[in-house]
Amino acid sequence: MTLARGLGSAGPGPRGDAMSLSSELRAVILGRIEAMVAGGDLPAGLDPAAVTVEPPRDAGHGDMATNAAMVLARPAGLAPRALAEAMARALAADPRIAAAEVAGPGFINLRLRPWVWQGVVGDVLAGGRDWGRSGLGAGRRVNVEFVSANPTGPMHVGHARGAVFGDALARLLAFAGWEVTREYYINDGGAQVDVLARSAYERYREAHGLSPEIAEGLYPGDYLIAVGEALVARFGASLLDRPEAEWLAPVRATATAMMMDQIREDLGRLGVRMDVFFSEKSLYGTGRIEAALARLRDLGLLYEGVLDPPRGKTPEDWEPREQTLFRSTLHGDDVDRPVRKSDGGWTYFAPDIAYHFDKLERGFDLLVDVLGADHGGYVRRLKAVVAALSEGRVALDVKLVQLVRLTRGGQPVKMSKRAGTFVTLREVVDEVGPDVARFVMLTRKNDVALDFDFDRVLEQSKDNPVFYVQYAHARIASLLRKAAEAGMAVTDAALAGADLALLDHESELALARRLAEWPRLVEVAARAHEPHRVAFYLYDLASEFHAHWTRGNEDTRLRFLEGGAIAAAARIALARAVAVVISAGLAILGVTPAEEMR
RNA sequence: GACCCCGUAGCUCAGCAGGAUAGAGCAUCAGAUUCCUAAUCUGAGGGUCGCGCGUUCAAGUCGCGCCGGGGUCGCCA
């Protein structure tokens, strides 16, 4: 087969980069513009930044559309349609372009030759799961901080969503060329781990046969019984009847370590692995908070002052107080923020400043914090910290993750308050499995609430996007098994050698066009920090495939295994390409592709 | 009172650096199976994109102001 590698004419880059068709055509268009400038048909100095090339919403408008003439017409002092006509004539000379037509207010609609789409199939088979990797990140370093659940108990479903989102975002950014560090901030330095220690101490007493006194404010959860037993195993009776000052630190250390072990294990079951666990405690008594604040002071952003009371609803016990304040208002915050409590201790915000300072010192080019939506009020001040300490060089993107509403058969799942626990992450993963849990949690944008129905997510029907996408992949796997049984060579290398020009049916080309969207989708999703886009794309791709499959019922030409070995090889190559992209997409979501449905 | 998020078909939600006649699933109705998995597919009906101004050649998308829902609001993390 002498099919030109349409998209891959430049070949996959050293890191497997495959330029998206859109950006390749955009380059062609910019080239034409330059040529027109050189030829005096356009004035120099035009800014092409706003020129886009994208598949039109309406397929009837062609394969690709560009707004180039419309955005350049005014600065060039030309009529949009006239400019579009001239550009269309120039573009029609490109070998990939079958037709360039002007439409509407000045769009140029491009129709591409079939071999471009057929070439995509070959490119996918050559690139494998790396096809669609982007150089967008250009090797820059991004830190994605997520989960960061307090080590005071088991993780619940809300944490699961943050974990899945953060992990998928990390995978997406890596696929888009970023060097990614996944990080978990352990809140082990504040009062809440002291509460954990006191709660665990009661369980320790209980393990010695004494009756525990779970006072108001302590954690009542049964999960601390095991911690009590572990404390006995480790310290025997040596901590009994001793003052808190003696046992607090060792009990706290044991309890938090055990909680973190559990958290790590739960994350592991979800398929989430962290690169760094950063201890808040490590910031105290080490001069690191002081260093970060000193930096702020050097920048003139720290001062002693008195805040105005919150307007509207003034707390009863509010009284003016001089505090150490961070002038966050200079970096977009509404009010300046205190870093020291009236008792002289640090506010929660102080270690956060030090923590983000530490991230900056580690040289990241971009920071992402994934937080629960209830932390929305902290976004401004965190951004202010990063803007101030990096002096505007590093951006912080805060992704807020909304809550998960658990239901079963449409009825809300009751939380077990008596045991002091919510529905845990582990319970969810044990019941539905990591793949289902992950996929479902990525079928919504991060900032909208998610309904998670235990019955629905396990349903094997098209109502369930997890199943629907998996089924498409499994159908293709089944196809390849059958082809292999029939003696066909079904390795990607063998399939890439098929005569792809035989894929000339509109239904086949439509599938290939959908595949061609993948590299661009990766970039769009990565740029927006929105992994859910991948899930929606996979659904669309699966839908296209299922539709194509069913067309084979009426049109036998479309059946993958019929029509002779040569034609079958081309069609199986197409199917395999679909499977490759599905599995690449699922890999970003952290979901294992299914080889068969059961 | 201030700030953040949300408001798109009866329901649940997409809508990609603003782009052409706003999409999908569910639900409703009508169809497709001697044939690679019908666990699927095809078609129909269904919309003042919460409301109003503004910016733009072009606004669901950007800005401002309202309305409705949720969240947060100095010494808790």
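Below, all heavy atoms of this structure are taken into account, side chains as well, without hydrogens, waters or symmetry copies. If you're wondering where the values come from, they're calculated on a predicted model, not measured in any experiment. To find a chain, count down the sequence lines: A is the first, B the second, and so on, and within it residues start at 1.
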Validation: residues 63-75 of chain A side-chain donor-acceptor distances under 3.5 Å, sequence neighbours left out:
unit_1	atom_1	unit_2	atom_2	d
A:Asp63	OD1	A:Arg513	NE	2.9
A:Asp63	OD2	A:Leu112	N	2.7
A:Thr66	OG1	A:Thr52	O	2.9
A:Thr66	OG1	A:Ala68	N	3.1
A:Asn67	OD1	A:Thr52	N	2.8
A:Asn67	OD1	A:Thr52	OG1	3.4
A:Asn67	ND2	A:Ala50	O	3.2
A:Asn67	ND2	A:Thr52	OG1	3.3

Residue that, paired with A:Asn150, satisfies side-chain contact (heavy atoms from CB on, under 4.5 Å) out of A:Val193, A:Thr256, A:Asn187: A:Asn187

Select base, sugar-phosphate, or nothing to describe what [X] touches, counting heavy atoms under 4.0 Å on all strands.
{"X": "A:Phe467", "answer": "base"}
{"X": "A:Ser461", "answer": "sugar-phosphate"}
{"X": "A:Arg527", "answer": "base"}
{"X": "A:Asp343", "answer": "nothing"}
{"X": "A:Ala65", "answer": "base"}
{"X": "A:Val71", "answer": "base"}

Taking only N and O in the side chain of [X], is any of them less than 4.0 Å away from OP1 or OP2 of [N]?
{"X": "A:Trp346", "N": "B:rC75", "answer": "no"}
{"X": "A:His546", "N": "B:rA24", "answer": "no"}
{"X": "A:Arg340", "N": "B:rC75", "answer": "no"}

[X] side chain: which of [options] is closest?
{"X": "A:Phe536", "options": "B:rC13, B:rG19, B:rG25", "value": "B:rC13"}
{"X": "A:Leu400", "options": "B:rC4, B:rG15, B:rU37", "value": "B:rC4"}
{"X": "A:Lys341", "options": "B:rA39, B:rC4, B:rC76", "value": "B:rC76"}
{"X": "A:Glu530", "options": "B:rA38, B:rG15, B:rC41", "value": "B:rG15"}
{"X": "A:Val448", "options": "B:rU37, B:rC13, B:rC57", "value": "B:rC13"}
{"X": "A:Phe560", "options": "B:rG19, B:rC36, B:rU42", "value": "B:rC36"}

Salt bridge check, A:Asp334 against A:Arg380: does any charged N sit closer than 4.0 Å to a carboxylate O? yes

May I ask you to check whether over 12 heavy atoms, not counting those of A:Glu554, lie within 6.0 Å of atom CD? no

Would you say A:Arg111 has more than 12 foreign heavy atoms packed within less than 6.0 Å of its CZ? yes

Give a yes or no on whether a donor-acceptor pair under 3.5 Å exists between the nucleobase atoms of B:rA20, that is its base, and the side chain of A:Asn109. yes

Both distances under 3.5 Å, Watson-Crick or G-U wobble: report the partner of B:rC57, or none. B:rG19

Taking atom P in both B:rA59 and B:rG63, what distance in whole Å separates the two? 15 Å

